[in-house]
Amino acid sequence: MSTDLVKLAHAADYAARQHIAQRRKGERAEPYVNHLIEVAALLAEATAGEDVVLLMGGLLHDTLEDTDATYEDLEQRFGPEVAALVAEVTDDKSLPREERKRLQIAKTPDKSRRAKLLKLADKTSNLRGLMQSPPVGWTQARLRDYVVWAEAVVRSCRGLNPMLEAAFDAAHAEASRHFG
Ligand code: ZN
């Protein structure tokens, strides 16, 4: 439906503006928006483009965590479903990194179907990024830890979408070989 395309275009535009100065942590320092578009594209393909809320969530999934966007902004611009989905995949940045990582494993099983699909796509993109452009200063052990952790987070996201699961498994297998 064309109104869905309008909403999706608005979400892409907003995400690009919010993350305008942000770069990926990898040595290539890609614009952050590349990650957001990859996540949305993975979700679009895996769901045959049938869930615009999910795709908007993919584009906006890091706006609360990494930019000055607020829940109210998202709700007003994109509606309560999108805002709630983004909130569901947002870490509490006031917590130390190790605690946030632990909580992702502990809390993902209770999340919605959409949030779980988003996690699968997000971790797939992150693992690909790790291989194509490893973060500057990360030791082999830290890279390996990330690969193991990503699999632990998405363990409860399985059985929902074979295409996304296969994309994650392929990225995870390659990253395990790469850094193992
Ligand atoms: Zn992400």
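As the structure lists them, so they are numbered: ligands from 1, and atoms in each ligand from 1. For the numbers below, each heavy atom of this structure counts, side chains included, while hydrogens, waters and symmetry mates do not.
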Taking side-chain contact (heavy atoms from CB on, under 4.5 Å) as the test, write out the residues that go with D66, two or more places apart. H19, Q22, Y32, D62, K93
Quick one: side-chain contact (heavy atoms from CB on, under 4.5 Å) partners of Q104, sequence neighbours excluded? D91, K119, K123, W149, V153
Is a side-chain donor-acceptor pair under 3.5 Å present for E38 with S125? yes
For the Zn ion (ligand 1), protein N, O or S atoms at a distance below 2.8 Å amount to 4
Quick one: do the N126 and R24 side chains pair a donor with an acceptor below 3.5 Å? yes
Counting heavy atoms not belonging to K111, are there more than 12 under 6.0 Å from its NZ? yes
With sequence neighbours excluded, what pairs up with D169 under the side-chain contact (heavy atoms from CB on, under 4.5 Å) test? R158, E165
